[in-house]
Structure formats: structure tokens, C-alpha cells
2 protein chains.
Amino acid sequence: MVKITDVARHAGVSPSTVSYALSGKRPISEETRRRVEDSARALGYRPHAGARALASSRSNVLALVVPLRTGIHVPVVMQFAVSVVTAARDHDVLLVTQEEGEEGLRRVADTALVDALIVMDVQLHDPRLPLLRTLDRPSVMIGFPLEAEGLTCIDLDFRAAGERCVEHLAQLGHRVVALVGSPPQVYVRGTAFAQRVVQGFTAAADRAGIASAVHPCGTTPAEARRVAERLLSEQPALTGVVVHNEAALEPLVDAFEELGLRVPGDLSVTAICPDRLASTLRVPVTSVALPSAEVGERAVELLMRKLGGEAVPEATLLPPTLTRRASTAPRTVDPR
Amino acid sequence: MVKITDVARHAGVSPSTVSYALSGKRPISEETRRRVEDSARALGYRPHAGARALASSRSNVLALVVPLRTGIHVPVVMQFAVSVVTAARDHDVLLVTQEEGEEGLRRVADTALVDALIVMDVQLHDPRLPLLRTLDRPSVMIGFPLEAEGLTCIDLDFRAAGERCVEHLAQLGHRVVALVGSPPQVYVRGTAFAQRVVQGFTAAADRAGIASAVHPCGTTPAEARRVAERLLSEQPALTGVVVHNEAALEPLVDAFEELGLRVPGDLSVTAICPDRLASTLRVPVTSVALPSAEVGERAVELLMRKLGGEAVPEATLLPPTLTRRASTAPRTVDPR
DNA sequence: ATGAAAGCGCTAACAT
DNA sequence: ATGTTAGCGCTTTCAT
């Protein structure tokens, strides 16, 4: 293994000069820098990560804590992970599963394996909050707990997303709408984003003076079909549906059509889901995108600023963007 | 930060005794061990990862190199990643994207950030092979290159999987079969597993004396439909289909039915895909599972043995398991 | 069974 | 602008 002293000798300078020349942490004459860089390249020098971490108390590694639980759409997690890896230019990314729990966080943080953490899928009453507050490493959470005092959170503004969908339907003249939401257990464990969609959905419907109902929904086609039937029997005048459930979206639309309802002819459907999904369905669905990539980038950016000692806002809400596609249309005067 | 000397003082022993007591790397009296463990717990001692890596030249971190390219089914990658994290008990997992290329591998390996590497999505002529051979850290590849001399590979036996599907169809009396494969670019870049399926499929069909054809297929519903049409026009007597393309499976079955063919009444369909997908389709599909979890576990196990200096087989092929579901049936005497 | 002490390779004060 | 040097916290010989 070639080490810094080897490079120093080869370049005819001291080890510290090599360190500074390569890190740029103090001014080095143009000529010396070139010599050092040439020597480093010639010898194939790679600083030892552990030694560097020990001496500088910086590992240049971030932890990414990913959820693996029911009701979480896997591609979203993956896309997010990729965007974090990509955005974290000079940091590597350590994958921590949520199953490792608080112990996992403590392990990577307290051993100084990582400099900072990104925590996905934060619950309203997340048991990890106290720990994240006392950890001596900065963190950014994807999602909002009930009490975020002293923490840093970022996410799509799900409340606004719910509102946006209803407003879109209301503008098209729909007067009776329903929300098909996440699986029941998602609400039970208090996932903030799911509840915020409900709030936004309901508030916007009330404000527009239109009738609304909320239905949790499982992730299998069979459950989607059951929900579709319940929807129509409970709200016979229904003409607008908001879907916040990636897995159920396609089977739901299928179920509607099997039940004799054309989309968007009889029923307008909007969703909150990745664009990729909404645009590839048989009937492309009007949707508010889950901006995984943007959330990832911004999360890393916030983390870097915190690592730099900068103060950052506790909450960052990304505004929703609704893209019109083929699944929504003005309400017909005589529906059914 | 509490360090090993703090624990040593608290327990009334030397730092080396603490190290040995906690690592078990040399015999320690029962009583001393207890005292050390108690002190460590009382003080909340966590060994500094960097210091440990520097002193022991072991980081206890594995690199997982994941593909992000077209034609790769994301949930499979994610599930695999999770199984690696889970199986790698005492190692953490660093996520490296394939886009970082050879430089990425070199960075994490040469800086001693990781002890070993798991490389997914290996190509037949993978440019990383020479590097992996010369790297001073062990690696395991998921997938088989053409020339694996000196390397360690593991994967589902895709050739056998292709054979298995054909044999199943042949047993049911089908005499004309087709393989719907991966997107063309997957073959173009020489992804071994895709080609092996083709080989197995073709060989088994020839052996059984039945007619066969192979059709690459894109990942969009439109492309799936186009392929379905081509299939039927080119092989009018077709009654058995093998699908090796996660994204195309569902739209393909839909397309068949829209074209007036019942599954399995007119057309028997088998797939090579995750069980999770095969079993949740409208018509549950007879399939050979992609055992992501098992591949992950076995890969980690191989890596651990290599880290322990043990010799391991160059190639590990996991035998395919076919699960019968609703999509295959005996050929009817008078098809169409 | 335990202790003393020498590094592991790097960074960052502290010189000059 | 560059060099000297003292650690960073741990593991692991080498002693006893």
C-alpha cells in the first residue's frame, strides 16, 4: 500500500505538504502542487479512509436509513437512494435498514462510521426522534413527525398535494369525490404523509363545498377491487377520485372499468405517485409527482450545510406540481 | 466521546485487556470479562470505526455495487440489497452505484473503506473484471461473465430455468413455444443471464422436438402488445410462452387476452420473475422464482469465507424452482 | 491471564 | 509557502 510518506518522498516534500496540496486546505505554490499531484498519480496513492477519519474526525460517509415495511413502494425508496448517492458527491452512502432500529442508528453514529444521517419514512410519533436529537451527528428526516423541534425535515407538501388534486377535480365541475389512500396499517402507525394528504383532501373539499369520503386501501388487486365497489355503493354520485397508493392505482382503474365506468368519461382519477407510474398506465393518470430525486438532492444539501455548521430551516416543504393527463375530464352534465 | 482507555480505567485493567475482552481474541478470565463488559456498558463505549479500521486493517464494511440501468427491475435490486444488509450481520453495507464505474470500485477498495465487494449485474464482457482480479480485496459477483477465471460468481442457474419452463410446457403437451425476453439492449450489452435463458430455452425445445422462437421485448405496455401481435402472426400455432421480463409480463398477458386468447385456455404462460410478481397478477403465473434473498445470503456467505482466507468455488449456480400457478394448462386438442 | 508499548496512516496545530 | 510533530483511538505484538 502506498502511503502519504511515500508520496512525500517521491515529490521531495513533507507529508503535511502532500496532505495540504491534495486537500487544498492551505495555499500551496503552483509548482509544488503539481509535483505532489504527479507523484500521487504516479504512485497510485489513495488515502486510507480509516486513518483519515481518525485524524480528521470526518469519515465522509452518510447513513441512509431506508424503510422496508408494508405499504412502502419499493421503487420510490430505490430512486431516492440513488438520488442521495448521486447528490452526495464527496460522501459515500451507508445503507441502514429501518429494522435495525435505534440500535442501528446508534451504531453507525456513535462509532463515527458516518458523519451524518438521512432518515426516511419518519412516523408522526417516531421512536427515533429523541435519539436523533441527542446524537452528536446531524441528520435530516424525510417526512414530518408531529414534533420536529430541533430537527430538520423535508418532504413533498402532502397536504398541499391533497388539496391540489381536489381543486383540480373541483375546477372540472366534480361535486362528489373520494380519496383512496394507503393501507390501513399506514394510518395506524401514524405515517405523517398519509394523514396530511387526508387533511388536505378533506379541507379542500369542504372549502369547495363538495362531498368527500376517505377509503384506506390495501396493495393487492383484490383489495383495490373491493374498495372500488364500496366506493360506488357508498357514493353513487361519485365522479372524482384521488388515489394515494401506488400499488392500488392500476388495479383500481381496472376495477372501475370492469364495473362499467369509463375513465375519464364517468370517473375522473387523479393520483399522488411517481410520474413514471402515472404516465405508463393504460390510461395515463393526472397526478401530483413524488419528487424523489429532488427530495434526495435537497436532503443532502441540507445535511451538507449542517455539517458545515450552518443553520438550516427545520421544515422544508416542496410544493406539489400537478400534471394533467388523460384520466381527468370535466364532469358530464348527466353522469350515469 | 468515551474511548477504550476510559473503559480500561473504569474497569481497572489495561486497554489491551479491554480490547481482548470485547473481541474475544484471546482468553480472558470470566471475572475480568464481566468487569470490562459492565464498564463498557456503563460508559456507553463504542469503538471508533476509523481507529479500529486503521489498527486492524479491517473496516467491517462491504461494498454493494448496484445497477441502475435500463431493463433492470428495481424491486429485485432493492430486495437483494436488503438481503445483503441482513445477511452481513457484523458488516455494514456501502452503496455504490454502477455509474461510478471502475473508479468507484477503486475508490472504496483502495482507500480501505471496504473489506470486500459484491458486484451485481455482471456482463459477459464486463470491463470491471480485470480490476476485480487485481484488487487486493475479495469480491463476489452476481451473475456470470464469459471468463470467470480467478473470480467468484453466483446466480440462479438461468440456463436451467429456461429449460425448466420449456420442459413444463412440453409436459403439458405444447408443441410450439416462444420466449419473450429482455429488452434488446440487454442482449446487446451481453448480459449473461439473459443469454443463458435463451440457451436453455432453445436447447430444451430442440431436445423435446418442439418449435421455438425468441423475441426480445421492451418494458412498456405498448411494446409488450406489439410483441404479442408479432408472436401470434409469426407462430400461428403458438400455445406456450415463457416470459423473462418483469415489466412486460402483465401487459403481455393483457395483450393476449385482448387479442382474444385466454390464459391458460388458449395460451399457457410461464415466467422467470420474482414470486411476488407472479403470484399477484390477475392470472397468477406459473414461474421460476428469482431467489434474490437466497442469492444475497449466499453471496455474503461466500464473501465471508473468502475474507477468512478460505477457498470457495468459482461458480455457484442455484437450481431453479418452478411453481405451478393458474397460467399453464395442458394443450387443448384443438387449439383455435 | 494480563500489561506495556509500538504502530496503523493521516491531519492539523505549531513552528519557521 | 513549507516543514515538524503530536496525536486521532484502536489492535496487536512482545513481554511477563
Asks: Between B/E103 and A/R46, is there a salt bridge with N-O shorter than 4.0 Å?
Replies: yes
Asks: Look at the side chain of A/S292 and the backbone N and O of A/Q79, then say whether any donor-acceptor pair between them is shorter than 3.5 Å.
Replies: no
Asks: Using only heavy-atom distances, decide whether a donor-acceptor pair under 3.5 angstrom links the side-chain of B/S16 to the base of C/dA4.
Replies: yes
Asks: From CG of A/L22 over to P of C/dG9, roughly how many Å is that when rounded to an integer?
Replies: 17 Å
Asks: Hey, does the side chain of A/S23 come within less than 4.0 Å of C/dT11's phosphate (OP1/OP2), counting only N and O?
Replies: no
Asks: To the closest 0.5 Å, what do you measure between CZ (A/F80) and CD (A/E294)?
Replies: 11.5 Å
Asks: At what angle, to 10 degrees, do the two end axes of the helix from C/dA1-D/dT16 to C/dT16-D/dA1 meet, given five pairs define each axis?
Replies: 30°
Asks: Tell me whether B/R35 contacts the main-chain N or O of B/A11 through its side chain, where contact means a donor paired with an acceptor under 3.5 Å.
Replies: yes
Asks: If only atom types and distance count, is the side chain of A/E100 paired as donor or acceptor with the main-chain N or O of A/T97 below 3.5 Å?
Replies: yes
Asks: Quick one: does A/S56's side chain have a donor or acceptor within less than 3.5 Å of a partner on A/R52's backbone?
Replies: yes
Asks: I want to check one thing: is the phosphate of C/dG3, taken as OP1 and OP2, less than 4.0 Å away from some side-chain N or O of B/T17?
Replies: yes
Asks: Decide side chain to side chain donor-acceptor pair (under 3.5 Å) for B/S29 and B/T32; before the verdict, give the C-alpha distance in whole Å, the side-chain angles of both, and the deciding distance to 0.1 Å.
Replies: CA-CA 5 Å; B/S29 73; B/T32 307; 2.6 Å; yes
Asks: Is any side-chain N of the basic residue among A/D38 and A/R41 closer than 4.0 Å to the acidic one's carboxylate O?
Replies: yes
Asks: Can you give the first and last nucleotides of DNA chain D, 5' to 3', that have an atom under 4.0 Å from a heavy atom of chain A?
Replies: D/dA1 to D/dG9
Asks: If each of A/V2 and B/E30 is mapped to the nucleotide of DNA chain C with the nearest heavy atom, which maps nearer the 5' terminus, i.e. the 5' end?
Replies: B/E30
Asks: For the pair made of CG in B/L54 and C1' in C/dA6, what is the distance, rounded to whole Å?
Replies: 13 Å
Asks: Taking for each residue the nucleotide of DNA chain D bearing the nearest heavy atom, is the 5' side occupied by A/R33 or by B/M1?
Replies: A/R33
Asks: State plainly whether the residues B/R137 and B/D110 are in salt-bridge range, i.e. N to O under 4.0 Å.
Replies: no
Asks: Taking A/K306 for its side chain and A/A311 for its backbone only, find out whether a donor-acceptor pair lies under 3.5 Å.
Replies: no
Asks: What contact category does B/S57 fall into here, base, sugar-phosphate, or nothing, at under 4.0 angstrom with non-hydrogen atoms?
Replies: nothing
Asks: Just how far, in rounded Å, is P of C/dA4 from CD1 of B/I4?
Replies: 14 Å
Asks: In whole angstrom, give the distance that lies between atom NZ of A/K3 and atom P of C/dC10.
Replies: 8 Å
Asks: Identify each atom pair where a protein N or O and an N or O of nucleotides 14-16 of chain C are less than 3.5 Å apart, giving names and distance.
Replies:
residue, atom, partner, partner atom, Å
C/dC14, N4, A/R26, NH1, 3.4

Asks: Report the residue (A/S14 or B/S19) whose heavy-atom-nearest nucleotide on DNA chain D is the more 5′ of the two.
Replies: A/S14
Asks: CZ of A/R133 to CD of A/E149: how many Å apart, nearest 0.5 Å?
Replies: 7.0 Å
